Amino acid sequence: MCNCGHDSLVPQIGIITGITQETPDVKTFRVNAPDGGKLFEHMPGQCAMVCVPGVSEGMFSITSSPTNKEFQEFSIKKCGILTEQLHSLQVGDEVTVRGPYGNNFPVETEFKGKNLLFIAGGIGLAPLRSVINYCLDNRENYGRIDILYGSRSADDLVKLKEIQEVWMKAPNVNVYLTIDREQEGWDGHVGFVPTYLKEIGFSTDCIGIVCGPPIMIKFVLQGLKEMGFTDEQIYTTLELRMKCGIGKCGRCNIGSKFVCKDGPVFRFDQIDELPNEY
Amino acid sequence: MQGLIDRLTALLSDGTVARVIGWKKGDMAYNPEPHMFETAESLKDFVYDGFCGANLSKMMIEASKLEGKTAVCLKPCDTYSFNQLIREHRVVRENAYIIGVGCRGKLDIEKIKKGNKGITSISGTELDGSDDIKIETIYGDKNISYKDALLDRCHVCKGKDHMIFDEVWGESKDTADQERFAEVEKIEAMTPEEKFAFFRNELSKCIRCNACRNVCPACSCRKCIFDNTKFDAQQKANVVSFEERMFHIIRAFHVAGRCTDCGECSRVCPEGIPLHLFNRKFIKDIDKFYGEFQAGKDPEAQSPLTDFTFEDIEPGERG
Amino acid sequence: MYKIAIKDLNTLFSKIAEEQELILPIKKAGQYNFGVYEEGCDIDGILTNKTVKSGKDAFFPQFETLYNVRKKITPADELENGEEAANTKIRTKLTIEAEALKDKDFVIFGMRACDVKGVEVLDQVFLTDPVDNYYKARREHGIIVALACHEPEESCFCTVFGIDPADPSKSKADVATWIVGEELCWKPITEKGEALTKKIESLLASADDSAVDAEIANITSIMDKLPNTKLSLEGWGKGKTDEKFNSDVWQKIYTPCLGCGTCTFVCPTCQCYDIKDYTTKDGIQRYRCWDSCMYSDFTLMAGGQNRTSQVQRFRQRFMHKLVYFPDRYDMYSCVGCGRCVDKCPQSLNIVKVIKAFENEQKEAGANV
Amino acid sequence: MQRIGVFVCHCGTNIAATVDVKKVVELVRFEPGVVFADDYMYMCSEAGQEKIIAAIKEHDLTGLVICSCSPRMHEKTFRACAEKAGLNPYMVEVANIREQCSWIHKDREEATEKAVILARAAIAKVNLNTPLQEGESPVTKRALIIGGGIAGIQTALDIADAGYEVDIVEREPSIGGRMSQFDKTFPTLDCASCILTPKMVEVNQHPNITLYTYSEVEGVSGYVGNFDVKIRKKARSVDMSACTGCGECQAKCPLGKMGKIPSEFDRGLRTRPAIYMPFAQAVPAVPVIDRENCTYFKTGKCGVCAKICPSKAVNYEQEDEIVTVKYGAIVVATGFDIINLDKFGEYAYNESPDVITSIELERLMNASGPTGGHLERMSDHKQPKDIVFIQCVGSRCDDEKGKPYCSKVCCMYTAKHAMLIKDHWPDTNITVFYIDVRTPGKNFDEFYRRAVEQYHVNYVKGQVGKVIPQPDGSLLVQGVDLLDNKQIMKKTDMVVLAAAVEPNKGVRKIATMLTASIDNNDFLTEAHAKLRPVESPTAGIFLSGMAQGPKDIPETVSQAGAAAVKVVGLLAKDKLKTNPCTAKCDPMFCNGCSTCANVCPYGAITYEDQQVRGPGVNETRRVAVVNNALCQGCGACTSACPSGAMDLQGFSNRQITTEVDSICR
C-alpha cells in the first residue's frame, strides 16, 4: 500500500522545488525527493501526510496528476497553524511527506469511457485537478468533460492560468467558471455554484464528481438529484481529522469505515449507508 | 430516602423545577451514577446512600443554562463548590433549586473492596442506616463499621452545615476526626529528597486520563489550556517524566485559592494518587500568609489570590 | 505441566529476568500495574489482584518514539554545487532517524485470559495491512505467560465474550499458569513458551495435567455466580450500525460522562493514538501516545467537525467496541475485563450501556 | 515566517569589550527567520539607523532584532527608525546585551554565549510578533489638582497661566496648606504668609481656576485624557456668594468664648468658635460651621450666627453637594503632616506642654499665632531661657515606630528657629541634638554655619534618651554627646521636637481611587525615580509636592512647576495615542469567571454578554472586555486567567513561552 521503508508512520524527506501563489491564501507547492524525481507513485484522489517537523502534520490531497512524471504538487489553503507554517516556507526548504494514502477515484474502472462532470468550489479543486489532468492526459479513455468551478471571487480561483490555457483549450472539454459576487474586471458568470449548475442544466449521461465546502456539496447534490442523477452516479472526497493515515489511530472513522483508508473517495450511495457523523 | 424522592417528585410535579440532578441506582450495590431526572416517573430509580460521593455542583454549569429551574442535591461539602461556581459566574443561582441533602460521610468502595471481592450486595449505607454495613460476597459475608469505610476526605469534614440551599433534607453529621493538615505536615516534615521521591512515586502512576481535572468543579474552563492547541501545553502523554509532575502542579496552581478541598480529584483517580495533597498544601499556605480562607464559604468574600486590593504590596518594597 | 511453590516465585522471576526483560504486575504506591521486574520490587498480592491498566503497554506503550528529525542548517555559500539557495542565505536540511524496533525477547507474566484476548484485538488492528512494525516487533519478541483467574471479581464478565478465565491455555498465551493451593502450575503452550520453560526448568517440578482441573472447575462455577456474566449481546455485533447508532438511549445515559479518558486508558483493547512532535535540544522527536475518543479535541478540526458533543463521543466508544469493530474484524473489541466498571469516576460503563439497551428493548416489547 | 534582520551594537567598548560582537552576528545568522545580520559601532547613531533602514529595504525585512542596550533606553529610537522604513514599530524587539550582559559579565566567552541566547529569545519572539496599531482617544482640556497647599497652588497657577482650566479640591475650609502655618522660611527668612498670601489671592481671582474648598474627591473613573471625578462639596452652612467675610459670626459664636474647640490651624494651641475661618487670610474668606461641635446642629438651639449675620449668609439647611467634572489630567498634591508622637513617650510630648513640635513652635513665633508672636512656655507663659531642639524624631528610624527616611527639612528649619529666637532674645541658650546635619541646597550650609558661628547655637552630635518633666516646671534632658563621648544631663525650659513628616493620611484613599501606586511609606510612586519624577505610573496622574516625598518649599515649587508643564503637555494634545500593548480577551476561551476583572488594578476589564461564534460554538455568553484606554498592559490578568483567554498584545503567552523555550533550548 505504501512504499515507506521502516514503517508506514515514518516519512520521507521532500524538498520544495517550486511555490506558486495561486490566490491570496492558497499556494501550490511542488515537492521532489531530495535526489530529484518523485517521492512515490499515486493515483488521482489519493492523499499524503505533509509535515513541517516541530509544527504538525496534515493530510493533503495530491493535486498533481500521476501522469506528471517529474514531481508532486499540493495546493494548500492557509487556515491553521500548520498551513501558516507551510506558507512561510521557501523554495529549497524541506518537509516530510508520507503516503500516498487512501483510495482513489476509479479512473481506470467506473470512469472509463464515461462522460465526466466535475463540480468544484474554492480549494475543492485541489483533489479534482489530479483527476482532470489524468483524464486529459488519457483523453481517449473518457467522453465529454464538463468542469464547473466557482469561488468567492476571481482572485480566489485556484489554478486559473492552467484552466484557461490548458483545460479550456483541450478537445471536448467545457469549462464553466463562476464567482459568488460581482467584481470589477470579471466578465464571466456571477452566482453560487449550485445555482449555476441548475442554470446550465447538465444531462444525466455522465458521472458527477463533486468537491468543495460542505454547504456547497449539500446543495450541489440536491441540484444533481433534481436533474435526475442517482447516488451511484456521484462521487466526492471526504475530509476528517487524521493522524496516522492508515486506519489505526481511530479518528477519522464514520461507522466502521475509515476515511483515510477506505476513503477519501466515496460514491454517494456508500455515504448514505454510513451513520450521519461527518 | 423515600421522603426525598417524594419531595423531588412534588417539586417536579408542581412545576417548581423542570428537572432533578441526583443519583441513579447502579447495577451493583455500590455504583450509583450522577443523573439528570426529567420526569417524576423516572425518579423511581433515584437513590441516595453512602456511595453517592460524587459532587454534583459542576453539573449545574450546563444545567443552569437550560430552561427552567433545576433541582440539585448537594451535600454540605458540595455547597462550597457551588458557591465558588457562583462567584465565578459559572452557574446561575436563580436557575438552581438546591436541596441540601444530609450526609453522614461517604463511603470509599476501594476500602470496602480490599479483602471483599465478588460483592453481591451491601446494606445499611443509607443516611438513616446503621453504624455497621453488611457486605455479602460470593466468597462469604462480612460486617464492617461505616466509619472505617469512609472516604479519606470525610475524616477532615468541613462541617455539617450547607453553605447555600433552598431546603435541607435529612440530618448531617460532622465526621471530622482527623487534623485537616496532618497529611500535609507529614510531607512538609520530609527532606527535599524524600518529598521528591514521594511525589515521583505517586505521580509516576498517572495515566493522564484527566479524570481529576474533568471532575474538578474548579476546573471549569471551557477549554483547558492542556487541550488548547493555541498553547504548547497540550500533551496526552509524558514525553519526559518532568511533565507528568508539571500537569498536576500547574493544575494545582490554576485552582489555588479556588479549590474548596472537596476531594473529588483523589476520589476519582483510577491510580489512587492523593492529588488533594497539592491543593491542601496551597490552602494551608494561603491560610498562613493571607489569613484563614475557605473558598466557597461565602461567594461575596474577597479571595486572597485573585482579588486586587490597594493594600497589596508593590513589588520591590519591603514587607 | 510443571509446578513451582508460590513462595519460590521471586526466585523464578529473578531467574527469568536474568536472561530477558520481565514484565509483571508490581505493587507501587498501593496500586497494581505491570512494570519491569527488578530486584526488591513489591510483588505482594500480584497473583490475585487485578492491575489498574491491562498489560497492553508491553506491546503498545502509552508513549513511544517513532523517529527523530535532525535539522542541519547550512549557510548558502557552503551548499554543494548546483543546490539552489533560493532567496535566503541559508537552507535547512533534514534527516530522519527512525527509532530502532524491539529486537530482544521479553516475558510478560500475569496477563489474564481477558488481557490476552485484548492483545488479540490489538493484533487485528496493528498486524493487518499496513502492518505496524513497532507493534509487530514487540509482539514477536514478547512471550506471554498467562495466569488463570483465582478470585474473579463482581466486575468481571469475560465469559460473555467467550473467554475462559479459568483456562488460559485456550488463549493466545505462550504459557498458561494456575494457582493451585500453595503452588503455581505452569504449562507451556507454544514453541516460545516451551523455550522459556526450558530455560527455567531447573526451578520447576513436573506435575500432572489433572492438577489444575479442580481449579478450573472451581473458577468456572464462581464465574457463573457473578452478576454480569449473564449479560446478553443480542442486538450487538456486525451490521447493527443503523439500529444502534440512531437509538435515543445514548442521549438518556451519557449525561454523567465526564469525557475523561479513564475507561480508554485502563481498557485492554483501546488502541486509538495520537502522533505528536516534541522539540528537543537537537531536533524533533516524533512520538505516538495513547489518545482517547472521549476527549473533546480527538477529532476536532479547524472547522469544528466532527463528533462535537460528548454524547457523540460516548456513542462512538461503545459503537466501536460492539458494532464497528465486529463489522471490520469479526470480533468484539471488549473482553469483559471489568476495568472500566471498576474505574469510571462516574460509575458509567459498558455493562450499564448494554443493560440500558436491553431494558429499552424490553420496554419497547412490553409497549407493543 | 518573518524575514528578520539582526543588528548587533558595539556601543563603543561598552558591549564590544566583553561580548564578541562578530561572533554573535555569525551565530544568530542561522536562527529560524533570520535573513540578515550585521554589527555596527553605534546602532543608535544616525549612521547606525541609516544602516537599519537600508537593510529593511534591501532585504525586505518584516522584523528587527536590535542587540544593544536596555529597551528603556532606545526601544523608542529603533521603533521610530523602523517606522521610517515603513515597518510597523511593534515588529522591533531589543535584546539587552549591555545592562543584562556585557556590564555584568567579565568572562568574554560567557558574555558572548549569553548575548547569543538573549538574541535568540528576541528572534523567537519576533517570529511571533504581529503589527500593532496605536489607538486614539480625545483629551478633556481641564486639570484637577487635589490639595490646595503651596504645591497645588503653584501647579494650578502654572497650568492656568498656560491657558487651561484648572480646579483645585481642598479638604480644609481654606487653601494655603502647611505653608500658611509657618512663620518664616529658610534660607532667606522671609515671612511665609507674605509670599504665600498673594499666590492664594491670585488663585482665587484667576479666571481659569475654580476652587472647591471644604471639598473632597469622592470617586474617579475613566482614564488619561478622560477622567470623570466626583467631588463632594461639604456643606459650609454659609452661603459663599452672600458672605462678606466680616467675621461677626465668629466673634459672636458662644462656643468661641467657651474655649472648648481646639483650633486645627494653631495645632491646638488655642481654640476656635464653631463657625470659623481657619486663619485671617483664609481664601475664600468665608467661614464654615463645624457641625460636629455647633450647638445648633447638636441641640437645635442657639442660632446666634444666623441671627447676627448682616448679609443673611448663614444657612443651616445647606446640604452636601456632589458634582461630577471631566478632567484630562489629575495632579496629586495632598501634602504632608507630621507623625503622631504617641509612640515616642521618652520625649514626654504628651506629658508636658513645654515639649512641642516644630510646627507648634512656628505657630508660637507667628505674629498672628496664639501668643501674638511672643515665645512663651505653654505651662506658665514664661519666656524660655533655655531651649533644647531634638532632631530626627521618628526620621531615619530603623524600628516600626518611626520612618526609615530622612524628613529632609528639619535640619534647616531648626537652624532657622534657633536663629530667629536668638535674634529676638539673644540670651536664650539653645542646644540642638542631631545625628547628622544635612544641608544640601543652595545657601543651605552657609545658613547652618551662621547659626553655629554667628549665633553660637550649641550643636551636640548625639541622641536624647529621655526628657523628664521636673517638679519645678523645668525639663531634664538626658542625652549623649557622641563626639565627647559623655553623658549629658541638662535642665531646660522648652524642648522642640523635629518630628518626622509623613504623607497626608488621606492620600491612601486618593491613590486607591486614582489607581496610582504608593510605596510602603504611603508616598506616591513615580513612573521612574529619575527620569519621570513627577508622573505616576498610571497615565494622566501627576505628582506635586510632599505627597511624592519630603521636600522643602523651593523644591516643592519647582516640582509643582514641572508637574504643571507635564499636565500642559498632555492637555495641549487633541488626541492621545494609546499603548497598543494592552490585554485582549479571546472570547472563544473566556470562561466569564471575572478573575481578570478582580485582579485588574486599573478597572480596565468589564464583562458583557457577547455572541460567540467559532468552531462548534455559537452562543451568547458572558465574556471579558478590555478597555484599551484604561489598560496599562501590566499583565496581571493574563497570568490570573486560568484558561489562557487573556493575552497581552505584544507580550502574548505564546511569545513569552517561546522566548523561555529558546533560552532553555
Side-chain angles (χ1 to χ4, degrees), chain A residues 1-2 4-17 19 34 49 51-57 79-83 89-96 101 213-214 239-258 261-262 273-278, chain C residues 66-67 69 71 79 83-88 91-96 98-99 101 125-126 128-134 241-242 245-246 270-279 283-284 286 288 291 293 297-303 305-307 312 315-316 319-320 323-328:
Chain A
M1 173 167 215
C2 111
C4 329
H6 188 76
D7 191 275
S8 28
L9 295 174
V10 180
Q12 309 177 56
I13 306 275
I15 180 158
I16 295 177
T17 50
I19 299 174
M49 276 284 192
C51 163
V52 181
V55 182
S56 74
E57 202 176 35
C79 63
I81 294 167
L82 170 65
T83 51
L89 295 180
Q90 290 164 346
V91 170
D93 284 343
E94 292 181 335
V95 291
T96 70
Y101 291 131
E239 189 195 3
L240 285 178
R241 182 121 197 250
M242 298 174 192
K243 284 282 186 176
C244 71
I246 51 176
K248 302 191 193 299
C249 80
R251 259 169 205 75
C252 67
N253 74 301
I254 306 172
S256 54
K257 296 276 184 246
F258 287 106
K261 198 177 173 185
D262 306 316
E273 286 168 14
L274 300 177
N276 182 16
E277 205 175 52
Y278 46 86
Chain C
L66 299 174
Y67 59 87
V69 180
K71 276 185 176 176
L79 288 178
E83 277 187 282
E84 209 178 332
N87 54 351
T88 57
R91 221 190 81 180
T92 311
K93 295 189 95 175
L94 306 177
T95 48
I96 291 175
E99 187 76 0
L101 299 176
V125 177
F126 290 120
T128 51
D129 183 60
V131 169
D132 188 297
N133 291 323
Y134 299 93
T241 301
D242 273 357
F245 185 90
N246 295 317
C270 270
Q271 108 299 317
C272 289
Y273 62 78
D274 197 357
I275 299 177
K276 295 174 80 74
D277 281 354
Y278 181 73
T279 307
I284 289 134
R286 167 144 290 220
R288 125 168 110 189
D291 205 344
C293 58
D297 60 349
F298 185 62
T299 58
L300 184 71
M301 294 203 289
Q305 319 85 322
N306 63 338
R307 295 205 278 272
Q312 288 174 321
R315 174 175 61 191
Q316 160 68 19
M319 286 295 285
H320 182 249
V323 180
Y324 304 157
F325 203 87
D327 255 347
R328 208 170 173 98

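Values below: all heavy atoms of this structure, side chains included; hydrogens, waters and symmetry mates excluded. Since the structure is predicted, the reported quantities are computational estimates derived from the model, not experimental observations. Convention: sequence-line order gives letters A, B, ...; per-chain numbering from 1.
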Bottom line for C:Val69: the part with an atom under 4.5 Å from chain A's heavy atoms is side chain

Turns out that what part of C:Asp132 lies under 4.5 Å from chain A's heavy atoms comes down to both

(Q) I'd like to know if C:Asp291 and A:Lys243 make a salt bridge, using a cut-off of under 4.0 Å between side-chain N and carboxylate O. (A) no

Okay, C:Thr299 and chain A: the region with an atom under 4.5 Å from a heavy atom over there is both

- Side chain of A:Tyr101, backbone of A:Met49: donor and acceptor closer than 3.5 Å? no

Turns out that what part of C:Thr95 lies under 4.5 Å from chain A's heavy atoms comes down to backbone

Ranking C:Arg328, C:Arg315, C:Gln271 by heavy-atom pairs under 4.5 Å to chain A gives rank one to C:Arg328

| task | For the pair C:Arg288 (side chain) and A:Cys244 (backbone), establish whether a donor and an acceptor sit closer than 3.5 Å, ignoring hydrogens and angles. | result | no

Cut-off 4.5 Å, heavy atoms of chain A, and the answer for C:Phe325 is neither

- Message: Could you check whether any side-chain heavy atom of A:Asn253 comes within less than 4.5 Å of a side-chain heavy atom of C:Arg307, counting everything from C-beta outward?
- Response: yes

Short N-O contact, C:Asp327 and A:Lys257, less than 4.0 angstrom:
no

**Asked** Would a 4.5 Å heavy-atom cut-off, applied to side chains only, mark A:Ile254 and A:Glu273 as touching?
**Response** no

Note: vs chain C, highest number of non-hydrogen pairs under 4.5 angstrom among A:Pro34, A:Gly54, A:Gly247, A:Ser56 is A:Gly54

Cut-off 4.5 Å, heavy atoms of chain A, and the answer for C:Tyr273 is both

Per-residue tally against chain C (heavy atom, under 4.5 Å) across A:Pro275, A:Cys252, A:Cys249 peaks at A:Cys249

Applying a strict 4.5 Å limit to non-hydrogen atoms, the region of C:Val323 in contact with chain A is neither

Closest non-hydrogen contact found for A:Gly250 with A:Phe258 is CA-CE2, 4.1 Å

